[in-house]
Undergrad: 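Have a look at this one.
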Amino acid sequence: MVHGGADTSSAPQFCEVLREASLAGHRALVAGLLDAAEEAVKILEGSPLFNAGYGSVLNRDGEVEMDASIMEGTTGKFGAVAAIRSVSHPVSVARLVLEETPHVLLAGRGATEFARTRGFPPVDSRSSRMVEAWQRARDRAKQGLSPETSLFTGLPPDSSSPCDTVGCVVFHAGRVAAASSTGGSFMKAPGRVGDTPIPGAGIYASSSCAAACTGLGEAFIETLTAKYVDSLVELGIHPQEAAEKAIIRLAEKRGGAVGGIIVVDSRGRFGAAHNSRSFPVALVADGKLDESFIPRKIN
Ligand code: GLY
């Protein structure tokens with residue numbers, strides 16, 4: 001299952017890319033769980049429609065700094081990058097952190113330099129739409145006006161705005177994995193890191209389940225929401241119920257914070273819930289797109 005972010009539009013062009021990503025992930029599953037998760041997220045990072053990779057939101061200085069992570073449930077192996085710049089696929093760099101370093105998280109200049117040593121060329125991740133959104137917000141700020149924006153991305157709350165983090169959860173033969181990628185929050189301070197590269201906050205995978213989250217990063221970090229989902233599933237709670245309980249808890253603990261969660265457990269049961277206006281997902285089960293599945297909206 002892949003998601004395109006809390007408050008991201010469910011218009012056909014967004015859903016089409018999500019379907020493409022979920023099918024690409026499924027095709028890559030023959031190579032392994034991490035290959036599936038990485039390939040699915042790479043498709044979303046490559047699309048300007050989503051707030052990840054190319055098309056990421058800009059920070060206060062008008063630059064893109066991205067976070068990404070990947071985690072394998074059975075081994076508990078985790079790799080992440082934070083505030084990385086100028087790479088096309090942060091999720092692939094995160095995977096190399098997992099596989100080729102003794103570390104779990106590289107941040108800032110070190111993350112970008114690591115990517116260069118692994119052959120990732122410099123790229124400009126700023127889409128023209130995001131540059132225009134940044135210029136509008138900067139002009140309003142100069143006039144002493146707050147940006148007319150959605151709660152956590154700072155983008156106009158209309159149906160065509162890319163909004164938050166993308167993510168993927170994968171199940172095969174009793175094992176699970178998760179991956180996630182984001183440009184973070186609009187107009188964030190340079191160096192700000194959200195929940196996406198923090199295990200237990202915006203992502204988690206264990207022998208019980210894999211969860212990928214989207215929404216206000218600070219709230220997901222302070223509530224360790226992904227780990228909360230895992231704890232519920234470990235107790236035997238169905239992933240759908242776990243996702244719903246986690247969204248309710250998030251909003252209770254953090255004054256109406258907005259977000260979405262996708263989950264799959266080691267029995268292949270899955271769930272998704274959100275309290276955002278929209279939360280597009282795509283699901284491939286047994287090799288086929290399942291277009292009947294709709295994440296539960298919590299009011
Ligand atoms: N959920 C992405 C972020 O807050 O960075």
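All ligand and atom numbering here is 1-based and tracks the order in the structure.
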Undergrad: Of the listed options (Asp195, Thr182, Val193, Thr214), which comes nearest to atom 3 (C) of ligand 1 when hydrogens are ignored and any heavy atom counts?
TA: Asp195
Undergrad: Partners of Ile294 by side chain to side chain contact (heavy atoms under 4.5 Å, CB included), sequence neighbours excluded?
TA: none
Undergrad: Extract all donor-acceptor atom pairs below 3.5 Å that involve side chains of residues 219-228 and protein atoms in other chains or at least two apart in sequence.
TA:
from, atom 1, to, atom 2, distance (Å)
Glu222, OE1, Arg254, NH1, 2.3
Thr223, OG1, Ala219, O, 2.7
Thr223, OG1, Thr225, OG1, 2.6
Lys227, NZ, Asp230, OD2, 2.8

Undergrad: Looking at every non-hydrogen atom in both residues, tell me the closest pair between Thr165 and Ser180 and how far apart they are.
TA: CG2-OG, 3.2 Å
Undergrad: Which of the numbered atoms in ligand 1 are below 4.0 angstrom from a heavy atom of Gly194?
TA: 5 (O)
Undergrad: Can you tell me if Gly215 has a non-hydrogen atom under 4.0 Å from ligand 1?
TA: yes
Undergrad: Can an N or O of Gly217 be found at a distance shorter than 3.5 Å from an N or O of ligand 1?
TA: yes
Undergrad: Any idea which heavy atoms bring Arg175 and Thr74 closest together, and the distance?
TA: CG-OG1, 3.4 Å
Undergrad: Before giving the answer on side-chain contact (heavy atoms from CB on, under 4.5 Å), spell out for Leu232 and Lys245 the whole-Å C-alpha distance, their side-chain angles and the decisive distance to 0.1 Å.
TA: CA-CA 9 Å; Leu232 294 183; Lys245 282 184 185 301; 3.8 Å; yes
Undergrad: Would you mind checking which non-hydrogen protein atom is closest to atom 5 (O) of ligand 1, with the distance to 0.1 Å?
TA: Arg192 NH1, 2.6 Å
Undergrad: Ser185 to ligand 1: N or O pair under 3.5 Å?
TA: no
Undergrad: Check ligand 1 against Asp164 and write out every atom of the ligand that is under 4.0 Å from a heavy-atom position of the residue.
TA: 1 (N), 2 (C)
Undergrad: Rounded to the nearest 0.5 Å, what's the gap from CZ on Arg267 to CZ on Phe171? Could you check?
TA: 10.5 Å
Undergrad: Quick one: nearest non-hydrogen protein atom to atom 2 (C) of ligand 1, plus distance?
TA: Thr165 OG1, 2.9 Å
